[in-house]
There are 4 protein chains.
Amino acid sequence: MRGKSTTPRKLPTQTRSRQTVATILEAAAQVLMRNGYDRTTTNLVAEKAGVSIGSLYEYFPNKEALVAALASAHIDELIARIDNALQISEEETPSSFVGALIRAGLDAHRVNPALHKVLVEQVPRIGGLAESLDIQTVLQQKIEHGLHERSPHLPPTRARMIALVLETCIEALTHRAIVEKPDWLETGEIEAEAQLLLEPYFQGAL
Amino acid sequence: MRGKSTTPRKLPTQTRSRQTVATILEAAAQVLMRNGYDRTTTNLVAEKAGVSIGSLYEYFPNKEALVAALASAHIDELIARIDNALQISEEETPSSFVGALIRAGLDAHRVNPALHKVLVEQVPRIGGLAESLDIQTVLQQKIEHGLHERSPHLPPTRARMIALVLETCIEALTHRAIVEKPDWLETGEIEAEAQLLLEPYFQGAL
Amino acid sequence: MRGKSTTPRKLPTQTRSRQTVATILEAAAQVLMRNGYDRTTTNLVAEKAGVSIGSLYEYFPNKEALVAALASAHIDELIARIDNALQISEEETPSSFVGALIRAGLDAHRVNPALHKVLVEQVPRIGGLAESLDIQTVLQQKIEHGLHERSPHLPPTRARMIALVLETCIEALTHRAIVEKPDWLETGEIEAEAQLLLEPYFQGAL
Amino acid sequence: MRGKSTTPRKLPTQTRSRQTVATILEAAAQVLMRNGYDRTTTNLVAEKAGVSIGSLYEYFPNKEALVAALASAHIDELIARIDNALQISEEETPSSFVGALIRAGLDAHRVNPALHKVLVEQVPRIGGLAESLDIQTVLQQKIEHGLHERSPHLPPTRARMIALVLETCIEALTHRAIVEKPDWLETGEIEAEAQLLLEPYFQGAL
DNA sequence: GATGAATGAGTCTTCATTCAT
DNA sequence: TATGAATGAAGACTCATTCAT
């Protein structure tokens, strides 16, 4: 059972099919969030979607592929959000750059956090999927890119390390806040605290 | 089956049975690390342990209890390590305190990291277990305590926030390094980088 | 697992599935009669039915529900028989009424007595099922009704007692005859003896 | 597993052994009454008895033998009670004889009715055991004997039938009362009703 | 394409029974 | 004799997946 293909079985070209796929994915998200991965059964997803189990398998070769598709869509949304957050505040001071990064991290976590949690924590490491699920990869590359623009002379190794540190801490603090003190997200408390922590580090590193 | 008891079924009194329990736990750890929680079957664990399935259930009322026992033992080891790391460097400078914290975090992660990973990431939230599995709780309380000793006037709310930030970042950076660049642990690179990040923050916060 | 649902899982709509359900029930009856409740395994029933174990659980959520369905069908047959026996001899003399009752009791016991025996004696009291399994409830109510029609002035308490006595004795004698002297059922011996016992009692009671 | 011996493994000759056996049987009765046959495990019985499971199997070759021994002891008590009840009222009128029979039946049912119920209803027909468990056999023979003394000319076939009818109805009414209206036993209601039913029959039959 | 009945390998778990100490 | 650790056959039940219609 190792080499399970996680590629969708067929591309839905017709409108009706695309609608069906969307419905299934939506149902899958619901069930996944309510029940967790283990208790998510393909039959249940099909039922919730108002679609026969046969139809589900018409579009997704197996359970993993279904979840993979869901995760993929989720990641796309994440990236869009991050891009957006970074573009909005394109100011040039280091302070505002760090601030933008933090806001991007927070924003990304506002995309269906419940689904994100299940996908990250419960999905039993579906073939190389989980790794890219973390906002890490996405955000980190953006940071590296931004660093290079700001300080072209920075050695790549150094840039990578700084990006990793920034990304890791933003991600971790955001995640922690979500889990433990969701209201901190509203009050802007972690946002401020993160700035307090990361800005000096960023300044010193350039 | 929500309310599953995770209490061991009976305490092994005789030498023979204590040996059996140890063997089972060892096998469980192996299987868990190799297969992940879902693909860990009680029958497989028993077989690997060279013990009948009946014997396993003699001591553990169910699969969850088995994993819970394993986790419990793991946590104990973690705490011991952290205590140890913090006691060794009891120096008084903020710099050395932060250094000790970082080293404690790193040290803790050296206790069977593979098992730790499965326990943290894959265990489907066994009754309130996962929460305390993170080194978070343990380390964070140590930090809060240390802060209070150093700056008795610090408001508790503030102390808690600082502790949370320190702990979260140490944990996250360590974890990240383990997963992505295990050699950084040896070279002391993240240790240094973490110090670079956290010391100024800590100093400013006092 | 105390509160086990004994409700059928889904109603078979298609012809094919209805056939499957029928086959399963038939097999269940066979196995139950041959092996008794304890030695009746769902796997064995499925095998005997030439159906996969999964199909069995498609329609019956658990073993008890399977037996419950069987019992339910059996009870329906019983009631039909009793109704029939009572309607046939609608004559008005007390003697013929008692005779009709006795014949109804005997008739009821001719509906698959082997299955009846297992259901009554071996079924470990499946949720409120056993109570209504006895022909008691059914027959007794018919008797009470008949008494009320014949002697409207009879106090209800008294009517209930008489009905209970009549029903209990008919049931007991029939059951006893079946177990010990099945041929008495053919020769009409207990029928006569029951009449000898019950008619005077009935007459005196009105 | 068919031909299971229900004979006790060894006769306890020593006093200590006999005590152990008694303790086990007592525990078995408790567990049987509380849990029913299926949920009665030999391990639980041994534990309740404060005896090792090994010791239990020292005296009883298997679970069935254990229950059989219990049933056997229960039957002995029943017989003693019946004998007693019949002897007390040795009067000669048919009326008093019937009364004595009824009282004997009732009395017999007062011997540990809870255990009696489990033994009769739940024990999966342990090799020919259940049949003799009913008070039937015992009481019926007493009746036949009594009839023969009173009317030596009565054909044996006839005597048997009368005994069967009397016994069956007494047993059934008593049982029914116990299950449905336990207070009727105290008020003497069924006792009276049974007399009303059976005395005329008995008189006419002689 | 869609349907949903059918499949059956695979899980957890129990408990009567044995046997080394 | 007594102990209780160990055994393992067996049973209820799930759910991803297939395929005839």
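The shown structure was predicted, so the numbers you read here are calculated from the model rather than taken from an experiment. Both backbone and side-chain heavy atoms feed into the values below; hydrogens, waters and symmetry mates do not.
- If you check dT1(F), dA12(F), dA5(F) against the side chain of T42(C), the one that comes closest is dA12(F).
- dA9(E) is paired with dT14(F) under the Watson-Crick or G-U wobble criterion, all donor-acceptor distances under 3.5 Å.
- Distance from the side chain of Y57(C) is smallest to dT14(F) among dT11(E), dA2(F), dT14(F).
- For the pair D38(A) CG and dT14(F) P, the interatomic distance rounds to 15 Å; values are reported in whole Å.
- What separates CG of L66(A) from P of dC15(F) is a distance of 16 Å, to the nearest Å.
- When distances run from any side-chain atom of S17(B) to the nucleotides dT17(F), dG1(E), dA6(F), the shortest one goes to dA6(F).
- Pair assignment for dG4(E): dC19(F), on the basis of Watson-Crick or G-U wobble contacts that are both within less than 3.5 Å.
- Looking at which nucleotide of DNA chain E each of N43(D) and V51(C) is closest to, the 5′-most match is held by V51(C).
- In this structure, of dA2(E), dA6(F), dT14(F), it is dA6(F) that holds the atom nearest to the side chain of S55(B).
- When atom types are taken as modelled, the side chain of S72(B) and the backbone of A68(B) share no donor-acceptor pair closer than 3.5 angstrom.
- Here the side chain of T41(A) is nearest to one of dA16(E), dA16(F), dT13(E), namely dA16(F).
- Which of dA5(F), dC13(F), dA6(E) sits closest to the side chain of E58(C) comes down to dA6(E).
- Ranking dA9(F), dA16(E), dT3(F) by closeness to the S52(D) side chain, first place goes to dT3(F).
- T20(C) has no side-chain polar atom (N or O) that falls below the 4.0 Å cut-off from OP1 or OP2 of dA5(E).
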